[in-house]
Visitor: 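What follows is a structure written as structure tokens; I'll ask about it next.
Here is how names work: the chains are called A, B, and so on, in the same order as the sequence lines, proteins then strands, and each is numbered from 1. Everything numeric in this text was worked out from a predicted model, so none of it was measured.
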Amino acid sequence: MTTELVQLLTPEGRRVHHPEYAVDPSAAELRGLHRDMVLARRLDAEAVTLQRQGELALWPSLLGQEAAQIGSARALRPKDHAFPSYREHGVALVRNLDPAHLLSLFRGASNGSWDPAENNFHLYTLVIGSQALHATGYAMGVAKDGADTAVIGYFGDGASSQGDVAEAFTFGAVYDAPIVFFCQNNQWAISEPTERQTRVPLYRRAAGFGFPGVRVDGNDVLACLAVTRAALDHVRTGSGPMLVEAFTYRMGAHTTSDDPTKYRDEAEVEEWRAKDPILRLRRLLEREGHADEDWFAALDEEAETLGRRVREIVRTMPDPDPSVMFENVYADGHALVDEERARFAAYQESFADAGRSN
Amino acid sequence: MTTELVQLLTPEGRRVHHPEYAVDPSAAELRGLHRDMVLARRLDAEAVTLQRQGELALWPSLLGQEAAQIGSARALRPKDHAFPSYREHGVALVRNLDPAHLLSLFRGASNGSWDPAENNFHLYTLVIGSQALHATGYAMGVAKDGADTAVIGYFGDGASSQGDVAEAFTFGAVYDAPIVFFCQNNQWAISEPTERQTRVPLYRRAAGFGFPGVRVDGNDVLACLAVTRAALDHVRTGSGPMLVEAFTYRMGAHTTSDDPTKYRDEAEVEEWRAKDPILRLRRLLEREGHADEDWFAALDEEAETLGRRVREIVRTMPDPDPSVMFENVYADGHALVDEERARFAAYQESFADAGRSN
Amino acid sequence: MVTKSLPLAKALNEALRAALESDPKVLLMGEDIGKLGGVFRVTDGLQKDFGESRVMDSPLAESGIVGTAIGLALRGYRPVVEIQFDGFVFPAYDQIVTQLAKMPARSQGKVRLPVVIRIPYGGGIGAVEHHSESPEALFAHVAGLKIVSPSTPSDAYWMLRQAIESDDPVIFFEPKRRYWDKGEVDTEAVPGELHKAQVAREGTDLTLAAYGPMVKTCLQAAVAAEEEGRSIEVVDLRSVSPIDFDTIQASVEKTGRLVVVHEAPVFFGSGAEIAARITERCFHHLEAPVLRVGGYHAPYPPARLEEEYLPGLDRVLDAVDRSLAY
Amino acid sequence: MVTKSLPLAKALNEALRAALESDPKVLLMGEDIGKLGGVFRVTDGLQKDFGESRVMDSPLAESGIVGTAIGLALRGYRPVVEIQFDGFVFPAYDQIVTQLAKMPARSQGKVRLPVVIRIPYGGGIGAVEHHSESPEALFAHVAGLKIVSPSTPSDAYWMLRQAIESDDPVIFFEPKRRYWDKGEVDTEAVPGELHKAQVAREGTDLTLAAYGPMVKTCLQAAVAAEEEGRSIEVVDLRSVSPIDFDTIQASVEKTGRLVVVHEAPVFFGSGAEIAARITERCFHHLEAPVLRVGGYHAPYPPARLEEEYLPGLDRVLDAVDRSLAY
Ligand SMILES: Cc1ncc(C[n+]2csc(CCOP(=O)(O)OP(=O)(O)O)c2C)c(N)n1
Ligand SMILES: Cc1ncc(C[n+]2csc(CCOP(=O)(O)OP(=O)(O)O)c2C)c(N)n1
Ligand SMILES: [Mg+2]
Ligand SMILES: [Mg+2]
């Protein structure tokens with residue numbers, strides 16, 4: 001496995017040379033990557049806490065996957081488009097999505113309230129694998145437009161088994177669509193280890209569809225940045241898709257509803273703790289002197305501020321007005337929806353009159 | 001391509017050595033293969049004619065694919081199971097399925113009237129790709145039973161794009177199912193050439209799912225026999241699926257409803273005519289003296305008899321009784337079906353009484 | 001006024017051509033729609049004239065077709081998808097009901113998906129299994145979709161153009177056994193509303209409501225009934241979601257009797273919804289229960305039995321008799 | 001008599017255990033049903049006791065699960081499939097409606113497919129999108145499938161055992177918000193017929209018909225209505241295909257009024273079919289049109305609005321009032 005894995009930074013924070021992939025970020029860029037990861041983790045941790053306090057319905061934690069998400073997202077150009085699954089809070093952060101949107105979704109106050117066109121960050125997709133086709137179709141459109149834009153589609157190791165993902169590979173390949181399929185192999189699909197989905201490393205799936213695949217150390221933010229950037233450059237040339245498998249680990253539960261002690265050993269988690277993506281970059285920053293204690297302290301402060309903001313957003317988030325149920329189901333109206341909306345309003349009125357509570 | 005293609009017999013009917021695959025059929029076996037192919041072609045031609053005469057609703061011709069079908073089917077042991085698509089008339093013949101079943105389906109008199117357990121030949125499946133999963137599930141069952149049985153699942157180049165086929169690859173691989181996926185790449189999916197489905201040869205799809213794939217000359221019955229037999233042996237060992245891509249050509253229209261002049265050049269068809277699978281084996285039989293003129297003449301006679309039998313079957317086939325619509329929808333009955341069946345009978349009765357025709 | 005006499009399939013072809021001409025964002029996608037022009041030739045000549053980038057032969061994967069159409073719509077395109085036959089829409093069902101139908105609401109209207117899914121549907125052409133089904137009820141239950149089905153070449157032309165212009169996902173069910181029926185098409189007429197029903201024939205004794213292929217059958221039944229002195233009104237629903245209940249109600253308030261006819265199975269079919277709602281709206285006007293004529297609770301039978309399975313003139317007249325007997 | 005008080009989810013677990021014990025051909029398949037025991041723990045402990053070969057964690061692909069279950073059934077197995085949540089059944093829709101439902105008829109009965117598909121369904125648990133849907137109507141329209149939904153632990157136990165014993169494909173809808181409700185289960189009682197409705201409470205003024213999660217709501221409504229002097233009969237349908245119209249009819253002939261309640265959208269929902277057929281059967285008995293209470297024609301809303309979307313006590317009582325006002 002190791003030989004197949006692109007790595008530019010060891011768990012100890014030492015740089016490694018790779019014959020094909022390289023990045024040379026400035027000190028400021030390195031600090032930027034670190035900051036993104038720290039903020040993503042803080043946002044995530046706060047959300048987990050809020051869920052425990054009953055403020056959110058659910059939260060899928062990204063813990064452990066910060067490098068895969070931040071590295072890949074930082075490889076995107078502003079005009080590029082990202083199609084997430086449901087765990088890509090780090091990508092959302094890099095794309096400048098207001099966390100209120102994610103929080104409202106997992107609070108159960110919306111099903112995804114943001115405008116994909118605003119940050120070129122598309123809606124979360126909870127049904128496994130579906131978004132791979134949307135991303136591919138989007139990329140097919142980009143190709144038709146002759147635009148210098150690339151698309152990245154995120155999905156998990158479990159998702160790789162869905163027919164939709166295979167069909168996305170076929171459409172992407174046949175239409176030379178500028179899409180990077182970015183698979184975060186966090187080694188678990190809820191309780192199922194990757195062996196329940198595949199016998200061979202997932203990146204190899206690509207070759208059978210006629211495009212390149214590569215496996216990158218998903219806990220190495222530099223490698224994720226370098227490999228994703230190269231992949232985006234590759235697809236931009238019009239030569240069709242590329243698959244990147246980020247080999248990483250889901251450190252937490254699948255979601256706050258899950259109990260991983262039912263199905264996996266703490267020892268495995270421990271092993272991966274040693275490969276922590278944030279610690280790894282911090283070691284590099286320290287070793288190479290790109291950031292000092294003050295900088296780290298300031299970042300901690302910034303993270304705390306973000307945590308407070310997240311709490312504040314959730315605690316002050318109003319419930320939506322029930323009438324929104326009937327809105328936006330159609331653009332051009334629908335007689336039945338109009339009728340039901342009117343009846344619903346009248347029914348609500350009747351309680352206001354009668355004083356009988358709903 | 002040629003280097004990838006397993007061939008044991010040239011279009012001129014000369015044997016070729018292959019480092020990995022070999023068969024050494026007796027003269028009788030060689031004649032048997034030839035006979036199967038000739039009979040399959042005759043059955044097919046007769047059905048096409050009958051469709052033109054309005055006796056059948058539709059017929060998908062196997063013309064050109066005789067070697068792929070007979071070679072693969074002859075590789076099966078009696079206990080092995082075949083899951084066809086809708087063009088596998090040659091496989092049906094080898095499995096001893098009464099042609100009346102196929103004819104009744106394409107006459108519109110049944111949707112598939114045979115018992116799969118009788119010949120270990122399953123129902124035709126018209127919805128592209130679905131049967132790949134049934135075959136895989138069956139093979140999973142075989143594995144559970146610890147039986148020494150293998151399963152072969154047929155599908156086309158077009159079908160390779162369907163999500164179900166990819167999912168079948170995943171399930172087959174993950175459960176080590178004894179299944180040979182047999183793709184007849186006849187280079188067309190109705191009007192679409194294989195390039196609409198894939199950028200690379202289809203047999204390579206397998207490696208990305210963790211099992212071997214091989215491309216065989218689909219017009220070479222010896223190679224098809226050898227490769228399929230080896231594949232069946234491979235899957236029988238419990239090491240999971242194998243993919244065989246038989247590279248062949250659909251010489252006729254997609255079905256009798258189709259007009260291929262709209263989308264492909266006669267020159268291409270001509271080119272493949274030179275690679276005819278039957279002629280090729282005949283040349284070998286003649287060159288090596290395994291069969292003489294009398295034998296070929298007797299075979300022609302047998303083929304004519306089959307043709308006559310096919311005509312006879314179709315021309316004397318009764319229309320099913322309308323009441324069969326309500327039969328076998330459920331095993332344990334269903335109140336609504338019972339009610340509708342009774343009403344239908346009463347309604348039919350009323351015409352008998354009133355003399356008003358339906 | 002530019003009136004031509006066209007078969008229904010050709011009217012659809014002209015509508016697609018006009019849409020491709022008038023809006024560069026319109027795209028056609030589907031299996032065999034390019035060089036072949038579709039198995040029913042509805043897209044005949046369009047790839048030749050508009051190129052492979054706008055008339056795209058797609059890989060053989062319906063979920064892929066609809067899923068990528070959604071992506072193209074997100075990019076600003078207006079894909080018109082062809083599903084080759086009714087029975088082959090189900091591999092795309094998840095993308096249709098979970099993504100296409102819901103994404104606009106999910107995004108609070110920030111995303112609009114102007115995707116049209118054309119489906120030749122229904123029986124009566126002697127085809128093999130899966131080529132004769134009428135699955136409209138399976139889509140009508142799902143909010144976010146609109147479902148229409150024309151019965152004439154003129155409606156075929158205009159309803160398809162309106163469907164393509166709509167910002168909502170529309171499932172466009174084409175009555176395949178009427179593809180070769182000719183009718184006048186005025187390509188400059190100002191069309192009526194896409195989702196309004198039309199009284200196809202006036203009458204006073206009973207209302208027949210139908211859409212798509214069954215409208216013709218109902219009109220024939222009305223003619224036959226007339227000979228027996230019965231005045232039948234025929235309502236061509238045109239739209240299955242929404243259903244224009246106002247027009248049906250107005251008719252039933254006049255006639256007092258309603259029979260709904262469709263090829264799809266009766267159980268959980270359109271007739272159930274219409275019967276339930278019209279009974280609620282017209283409880284004191286109905287002189288007989290709303291009756292339904294449709295397919296049986298059985299898979300579509302082999303072609304040689306389809307005449308027995310499909311609602312034909314006699315079964316419609318039988319229901320008319322039963323209703324009038326109340 | 002072996003009676004235990006069990007939560008509904010545990011009753012299902014015991015039914016699966018009993019089925020695995022009594023028939024070596026019974027297999028369980030699904031995502032996360034093994035070590036985890038399913039996200040609702042319905043299969044808890046079963047893989048441990050029966051092994052990985054009989055309780056199979058499957059790849060994440062619903063079409064694959066149902067498609068291979070069909071293959072296993074062809075080999076003589078009796079697969080019981082779990083779909084993790086209602087909203088995730090649609091990738092398997094094609095295999096269910098085109099293959100599972102039709103193959104027995106296609107083969108003229110030579111093939112039988114004793115496959116059970118368990119689906120936790122419905123809302124009320126505060127979940128995110130796709131985890132609260134009620135898609136039963138989308139299956140009931142399809143011939144070849146049977147659809148049931150228990151409302152009590154006892155029915156959960158026995159109906160699941162009967163579904164597994166049936167040689168027909170059965171979609172088994174589990175009322176997930178009632179998983180934790182307790183009830184008496186007698187694992188030795190001789191059960192009634194799987195597809196027969198039961199009068200869950202007798203009454204004389206109006207009939208409420210429901211199934212699955214809404215039965216409890218209807219019983220509560222009946223209690224509340226009693227305080228206002230109204231005698232409500234509650235029919236627990238138990239089966240959505242077939243529907244036991246005889247039992248509903250008998251009730252309506254007594255009460256003269258019917259309100260059908262389900263979580264699924266009203267439009268093209270079960271209530272439509274019941275209203276249409278009962279109106280036909282009881283035209284002269286009905287003193288009011290059959291009314292329907294159900295979901296709106298809108299995607300299931302975000303959890304914080306689900307109380308407004310779901311039919312609750314008040315909406316049921318409102319319909320009762322409206323019916324009685326006729
Ligand atoms: C079609 C579908 N089936 C099942 C589920 C339930 N489910 C939610 S997440 C998940 C596992 C996904 O695993 P993976 O793709 O590896 O992503 P990860 O959660 O590890 O990020 C499952 C089975 C779903 N959301 N959609
Ligand atoms: C799901 C589905 N979509 C579309 C069709 C219509 N159709 C029938 S055959 C065919 C082409 C199949 O091509 P291929 O798999 O290469 O098999 P071949 O016909 O060449 O043997 C198509 C598109 C179908 N039967 N099923
Ligand atoms: Mg995972
Ligand atoms: Mg082909």
Visitor: In terms of heavy-atom proximity below 4.5 Å to chain D, should A:Arg264 be classed as side chain, backbone, both, or neither?
Guide: neither
Visitor: Quick check on A:Asp258 against chain D: is it the side chain, the backbone, both or neither that has a heavy atom closer than 4.5 Å?
Guide: side chain
Visitor: Please identify, among A:Pro320, A:Gly163, A:Gly112, the residue contributing the most non-hydrogen atom pairs under 4.5 Å to chain D.
Guide: A:Pro320
Visitor: On a heavy-atom basis, which atom in A:Ala57 and which in D:Gly126 lie closest, and how many Å separate them?
Guide: CB-O, 3.4 Å
Visitor: With a 4.5 angstrom heavy-atom cut-off, could you sort out which part of D:Gln47 is near chain A: side chain, backbone, both or neither?
Guide: neither
Visitor: Can you list the residues that meet the side chain to side chain donor-acceptor pair (under 3.5 Å) rule with A:Glu268, with sequence neighbours excluded?
Guide: A:Trp188, A:Tyr249
Visitor: So for A:Ile128, is it side chain, backbone, both, or neither that comes closer than 4.5 Å to the heavy atoms of chain D?
Guide: side chain
Visitor: Distance-only, no hydrogens or angles: does the A:Glu340 side chain make a donor-acceptor pair with backbone N or O of D:His297 under 3.5 Å?
Guide: yes
Visitor: Chain D heavy atoms under 4.5 Å from A:His334: which part of the residue, side chain, backbone, both or neither?
Guide: side chain
Visitor: Measuring from A:Thr261:OG1 to D:Lys35:NZ, what's the distance to the nearest 0.5 Å?
Guide: 11.5 Å
Visitor: Distance from A:Leu126 atom CG to D:Phe88 atom CZ, nearest 0.5 Å?
Guide: 6.5 Å
Visitor: So which residue, A:Asn111, A:Thr198, A:Val329, ends up with the most heavy-atom pairs under 4.5 Å with chain D?
Guide: A:Asn111
Visitor: Between the side chains of A:Lys262 and D:Asp44, is the shortest nitrogen-to-carboxylate-oxygen separation below 4.0 Å, so that they form an ion pair?
Guide: yes
Visitor: Got A:Val337 and D:Tyr296 here, is their nearest side-chain heavy-atom distance under 4.5 Å?
Guide: no
Visitor: Would you mind checking which part of A:Leu58 comes under 4.5 Å of any heavy atom in chain D, side chain (CB onward), backbone (N, CA, C, O), both or neither?
Guide: side chain
Visitor: So, does D:Asp32 use its side chain to make a donor-acceptor pair with the main chain of A:Ser191 at under 3.5 Å?
Guide: yes
Visitor: If every non-hydrogen atom of D:Tyr309 is compared with every non-hydrogen atom of A:Met325, which pair is closest and at what distance?
Guide: CB-SD, 3.6 Å
Visitor: With a strict 4.5 Å heavy-atom criterion, list every residue of residues 50-64 of chain D that contacts chain A, or say none.
Guide: D:Asp57, D:Ser58, D:Pro59, D:Leu60, D:Ala61, D:Glu62
Visitor: Taking only residues two or more places apart in sequence or in another chain, which ones pass salt bridge (charged side-chain N to carboxylate O under 4.0 Å, His left out) with A:Glu195?
Guide: none
Visitor: For the side chain of A:Tyr347 and the backbone of D:Arg315, is there at least one donor-acceptor N/O pair under 3.5 Å apart?
Guide: yes
Visitor: What are the two closest heavy atoms between A:Phe106 and D:Val128, and how far apart are they?
Guide: CD2-CG1, 4.3 Å
Visitor: Rounded to the nearest 0.5 Å, how far does OG of A:Ser130 lie from CZ of D:Phe90?
Guide: 12.0 Å
Visitor: Give, as side chain, backbone, both or neither, the part of A:Val324 having an atom under 4.5 angstrom from any heavy atom of chain D.
Guide: side chain
Visitor: Quick one: CG on A:Leu123 to CD on D:Glu129, what's the gap to the nearest 0.5 Å?
Guide: 9.0 Å
Visitor: At a heavy-atom distance under 4.5 Å, which candidate from A:Val165, A:Leu336, A:Asp157, A:Asp164 has the highest pair count against chain D?
Guide: A:Leu336
Visitor: Any residues in residues 82-91 of chain A near chain D, with a heavy-atom distance under 4.5 Å, and which are they?
Guide: none
